[in-house]
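As the structure is a prediction and not an experimental result, all values here were calculated from the model.
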Amino acid sequence: MTDSTNVPVHVSMIMDGNGRWAKERGLERVRGHYEGVESVRACTEAAVEEGVKYLSIFAFSEENWNRPEAEVIALMSLMAKCIAAETPTFHKNHIRFRVLGNRERLSAELLASIEATEKATECYDRLTMIVFLSYSGKWDIMQAARKMALEAASDPSKAESLKDMKLSDFDKYLVTAGVPDPDLIIRTSGETRISNYLLWQAAYSEFYFTPVLWPDFRKPQFREALEAYAKRDRRYGKVK
């Protein structure tokens, strides 16, 4: 168990290495994605056990739409299957489920499944599970700026107030409005970049990079990341 006095409120994960995991075993890439679902399940259980309040995963980026059509179709199908399979677990463990991203690109069937599960779990507060789907950091900032500009164009009083706008005022336009910024961002597979993920929200996040491929990242590895975080000295630009 991690020291409960220094458990991150929000842990976010960049799940990398599914394709390499499958390739190493002579399997099709999609098999790596299916195995990665077991890692999501294990990390969700560990997050509940450790007292993490928000767990988010970068499931599919805006850029991922450029992957081969067959792989995109398989990933969207996998998402729909996972939502259906995990909904009983959400109820059992009082987990709130949310999906954040560009919903305009999702199919009507998948969108209906997402909205139904979000509605059914919105009262739970033990853990909020967030899936970033069809998401990118630059897109998020762009759509937030567009919302703000449209408001200002339609209401002169709001346009006048922009000169006194604070950084925190911009948060409400992001898709993560109401969600605390991630304290810890984990990236698997040895890559050490942020890949256009939560660019605004990750300004003061701690990063944990591991060579473990995502399908092999389970409870022990999740707890190791929390233990590493507990040893960090977070100063937010201040002197202690």
Side-chain angles (χ1 to χ4, degrees), residues 1-2 7-8 10-61 64 67 71-72 74-90 92-93 95-101 114 117 121 126-135 182-195 197-198 205-229:
M1 293 290 289
T2 306
V7 173
H10 182 178
V11 177
S12 194
M13 300 184 293
I14 301 175
M15 308 178 296
D16 200 9
N18 291 338
R20 273 168 282 176
W21 184 91
K23 184 177 181 180
E24 288 177 0
R25 291 159 177 77
L27 304 171
E28 294 182 1
R29 284 178 57 86
V30 69
R31 287 288 299 277
H33 296 305
Y34 273 87
E35 189 64 27
V37 171
E38 295 302 319
S39 294
V40 174
R41 184 175 294 115
C43 290
T44 302
E45 291 175 357
V48 170
E49 293 163 2
E50 296 292 343
V52 173
K53 301 302 292 183
Y54 292 81
L55 180 70
S56 59
I57 59 174
F58 195 16
F60 192 89
S61 73
N64 287 156
R67 289 187 176 187
E71 183 175 355
V72 171
L75 287 170
M76 292 300 143
S77 175
L78 178 59
M79 176 59 64
K81 290 177 181 177
C82 287
I83 293 173
E86 296 304 318
T87 297
T89 302
F90 296 151
K92 179 181 177 180
N93 294 290
I95 296 172
R96 183 183 183 187
F97 176 76
R98 297 186 66 188
V99 170
L100 300 178
I114 289 169
T117 305
T121 63
R126 188 176 185 186
L127 173 75
T128 297
M129 174 70 179
I130 301 170
V131 176
F132 283 93
L133 186 63
S134 188
Y135 175 88
D183 301 292
L184 172 64
I185 296 179
I186 300 168
R187 180 163 189 157
T188 59
S189 86
E191 303 294 347
T192 55
R193 57 183 179 273
I194 196 169
S195 294
Y197 181 54
L198 296 177
S205 300
E206 294 292 324
F207 286 84
Y208 179 85
F209 299 108
T210 173
V212 177
L213 300 178
W214 177 249
D216 294 325
F217 193 90
R218 302 296 169 93
K219 285 187 179 183
Q221 290 77 22
F222 185 84
R223 291 195 169 101
E224 285 177 10
L226 294 193
E227 289 168 3
Y229 169 85

For F97 and F90, what are the C-alpha separation, side-chain angles and deciding distance, and is it a ring pair (Phe, Tyr, Trp, His ring centres under 6.0 Å)?
CA-CA 7 Å; F97 176 76; F90 296 151; 5.2 Å; yes

One pair to check against side-chain contact (heavy atoms from CB on, under 4.5 Å): I14 and T188. What are the steps and the verdict?
CA-CA 7 Å; I14 301 175; T188 59; over 6 Å; no

Apply side chain to side chain donor-acceptor pair (under 3.5 Å) to the pair R187 and S195, showing each step before the final yes or no.
CA-CA 10 Å; R187 180 163 189 157; S195 294; 2.7 Å; yes

Assess whether ring pair (Phe, Tyr, Trp, His ring centres under 6.0 Å) is satisfied between Y197 and F132, documenting all intermediate values.
CA-CA 9 Å; Y197 181 54; F132 283 93; 5.5 Å; yes

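Panel note: side chain D216, backbone V212; no donor-acceptor pair is recorded below 3.5 Å. Judged purely by atom type and a 3.5 angstrom limit, S12 has no side-chain atom pairing as donor or acceptor with the backbone of I185.
Using a 4.5 Å heavy-atom cutoff, the side chains of E35 and W21 are in contact. With a 4.5 Å cut-off on side-chain heavy atoms, T210 and Q221 do not count as touching. At least one side-chain heavy atom of L213 sits less than 4.5 Å from a side-chain heavy atom of E24. A heavy-atom distance below 4.5 Å is not found between the side chains of M13 and V40. Here the side chains of I83 and I114 are in contact, with some heavy-atom distance below 4.5 Å. Between F222 and V11 there is a side-chain heavy-atom pair separated by less than 4.5 Å. With contacts defined as side-chain heavy-atom distances shorter than 4.5 Å, the pair T44/I95 qualifies. K81 is listed as a side-chain neighbour of S77, based on a closest heavy-atom distance under 4.5 Å.
Between the NZ atom of K53 and the CG atom of L127 there is a distance of 7.5 Å, given to the nearest 0.5 Å. Distance check, rounded to the nearest 0.5 Å: CZ of F58 to CG of L133 gives 10.0 Å. A distance of 6.5 Å separates OG of S134 from CE of M76, quoted to the nearest 0.5 Å. The distance from the CZ atom of R96 to the CE atom of M129 is 14.0 Å, given to the nearest 0.5 Å. Atom OG in S205 sits 7.5 Å away from atom CG in L198 (nearest 0.5 Å). Rounding to the nearest 0.5 Å places OG1 of T121 at 10.0 Å from CZ of R98.
Residues G36 and N18 approach most closely at CA-OD1, 4.1 Å, considering heavy atoms. Of all heavy-atom pairs between F207 and L184, the closest is C-CD1, 4.5 Å. Closest approach of G17 to P215, counting heavy atoms only: O-CD, 4.0 Å. Contact record, D16 with S189: OD2-OG, 3.0 Å, taken as the closest heavy-atom pair. Looking at every heavy atom in both residues, A22 comes nearest to G32 through CB-N, 3.8 Å.
With sequence neighbours excluded, the residues satisfying salt bridge (Lys or Arg N to Asp or Glu O under 4.0 Å) with K219 are E45, E49. Under the rule for a salt bridge (Lys or Arg N to Asp or Glu O under 4.0 Å), the partners of R29 that lie at least two apart in sequence or sit in another chain are E71. Residues that satisfy the side chain to side chain contact (heavy atoms under 4.5 Å, CB included) test with Y54, not counting sequence neighbours, are V9, H10, T128, I130, V179, P180. For E28, the side chain to side chain contact (heavy atoms under 4.5 Å, CB included) partners two or more places apart in sequence, or in a different chain, are V30. Not counting sequence neighbours, the partners of R41 by the salt bridge (Lys or Arg N to Asp or Glu O under 4.0 Å) test are E38, E86. With sequence neighbours excluded, the residues forming a side chain to side chain contact (heavy atoms under 4.5 Å, CB included) with S39 are W214, R218, listed by chain and number.
Annotation: Y229 is not in aromatic contact with Y208 [ring centroid separation under 6.0 Å not met].
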